[in-house]
Amino acid sequence: MTEAFMIRAIIAGVGVAIIAGAIGCFVVWRKMAYFGDSLAHSALLGVALGLVMGISTNLGTIIICSIFAVTLIWLQQKKILATDTLLGILAHSALSVGMVTLSLLERSVDLHSYLFGDILAVTPTEIYYILFGGLIVLIFLYFNWSSFVLMTIDEKLAKAEGINIVLNQLQIMLLMTIVVAVSFKIVGLLLITSLLIIPAATARQLAHSPEIMAVVSSLLAVFSVIIGIYSSLHLDTPSGPSIVVASTLIFIMMSIFSLLIKRH
Amino acid sequence: MSYLIQAKDLCVNRHKKNILENVFVEVKKKDFITIIGPNGAGKSVLLECLMGSFQPDSGEIKKRENLSVGYIPQNFNPESSMPISVKRFLTLKRKSTPKELIDISKETNISEILEKNLSNLSGGELQKVLLARSLLNEPELLILDEPAQNLDIKNQLNFYNLLTRIYQKRELSILMVSHDLHMVMSSTRQVICLYHHVCCSGEPQTVAKDPEFISLFGNDMAKMMSVYQHTHNHSHQEDSQ
């Protein structure tokens, strides 16, 4: 069990789980699940960009997803269309352009591993991306935590207390961008949102403060990833779905558990 | 400088409509001013301009240096998916000592709900918590945007009584938007009637007689006001007899 690829998979998985669990709380609180999904869809264009330009697919994803987030905020300010309409247009056009580009490429691309993740094939470079990206996310979360939380509780109140709403919103979106960019190799583009929201939703039932919810959410995500990796290895199942199945099972158990506790 | 905050010739246009036209508002020390006016009259925009969170198209806002302002927003509805206790919410982005927290909780009658989850509070409790949070900053000016909008009569009364008590006890000025005219007329010293421009302002009784006030709020409201005036006149007549 101590083969190099296994160690890499565990490091990558745990790294991704920690930041996804914490950022996932904001996804749940701020109702950004659809945004996360859209971001992940547009990431395929980032993969295509990375392959075309000969740069890392992680970097390509960060570039495209950041453009996506900034464009969305800019269009939101214009207030011409509802946010979910904008997201639908942006996400699916980016996904389609990405698919078209990938199919035009000379070399064959393992689309399946991008969509559903292939954690056992994680390279050392990707681990550096995860560790570096993860560090940035944690630093930003640490220093802006109370602003983010206050803004999430009530934007008007936060604005009146001198918090720049648009800037903070953009920061949260860019942090999500980093999470998507470093984690699509682990759980796959189609399943990133579930790694963001399922551990957070589970943690909601256990926590009594936003900080504890974020920590518990990260721990649950780590737990799910480890179970997912081992079952992926032993049962030869795709890693992304295995991780999501594990986190869903934990969610169901916790829900039943907390229902029973409330009854007594 | 005799005022805490002053807005002069304030103009705000949106979609080619005038939201605010040459509005003048001034809050001095120990003022208790209520802004009234129909929906869409620009009341909230005016408050946002005063707090600096909305940039007016023209006009000027002068504040006393280092003026500390407390704000209570309209329709406060904390996100229920976030678990957060009242205590944690009060101290979020605030530097307050435990003693200050205890004192202010007592002052606003929320000592018993400090450990409760913010999203489990009733409307009346939420308003008191918001009031407590704004007081923790020791504000010289308290700005409230329809603070009792979603409360039932009993809680409205409680809230305004609490507000009046705090106003009397502390060195602070209050600027409030409110639709609760009976409250306004009985507790406020000065009323500003706003409908994009300042229609009339002054003591509640003076404003109630103003033709522009009557045309904005209708005859029914004018009649209601006359009830207050009647009691007022009545006592005068008794005095003179």
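Residue numbers begin at 1 in each chain, while the letters A, B, ... track the order of the sequences. Everything numeric in this text was worked out from a predicted model, so none of it was measured.
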For chain A, which of [options] has the most heavy-atom pairs under 4.5 Å?
{"options": "G52(B), G70(B), S53(B)", "result": "S53(B)"}
{"options": "Q74(B), R94(B), E48(B)", "result": "R94(B)"}
{"options": "L92(B), L47(B), N75(B)", "result": "L92(B)"}

Surrounding [atom1] of [X] (heavy atoms of other residues, nucleotides or ligands, distance under 6.0 Å), is the total greater than 12?
{"X": "Y167(B)", "atom1": "OH", "result": "yes"}
{"X": "Y195(B)", "atom1": "OH", "result": "no"}
{"X": "F24(B)", "atom1": "CZ", "result": "yes"}
{"X": "Y34(A)", "atom1": "OH", "result": "yes"}

Hey, are the side chains of [X] and [Y] touching, using non-hydrogen atoms and a 4.5 Å cut-off?
{"X": "F89(B)", "Y": "P210(A)", "value": "no"}
{"X": "M82(B)", "Y": "R204(A)", "value": "no"}
{"X": "K156(A)", "Y": "Y71(B)", "value": "yes"}

Rounded to the nearest 0.5 Å, what separates atom [atom1] in [X] from atom [atom2] in [Y]?
{"X": "L118(B)", "Y": "D154(A)", "atom1": "CG", "atom2": "CG", "value": "10.0 Å"}
{"X": "K93(B)", "Y": "S146(A)", "atom1": "NZ", "atom2": "OG", "value": "4.5 Å"}
{"X": "F26(A)", "Y": "S81(B)", "atom1": "CZ", "atom2": "OG", "value": "11.0 Å"}

| For I212(A), is it the side chain, the backbone, both, or neither that has a heavy atom closer than 4.5 Å to a heavy atom of chain B? | neither

| query | Quick one: what part of M51(B) sits under 4.5 Å from any heavy atom of chain A, side chain, backbone, both or neither? | reply |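 Just its side chain gets close to chain A.
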
| Can you name the residues of residues 122-137 of chain B that have some heavy atom under 4.5 Å away from a heavy atom in chain A? | L130(B), R133(B)

| said: Check this for me, if you would: do R30(A) and E79(B) make a salt bridge, where the nitrogen-to-carboxylate-oxygen distance has to be below 4.0 angstrom? | reply: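 No.
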
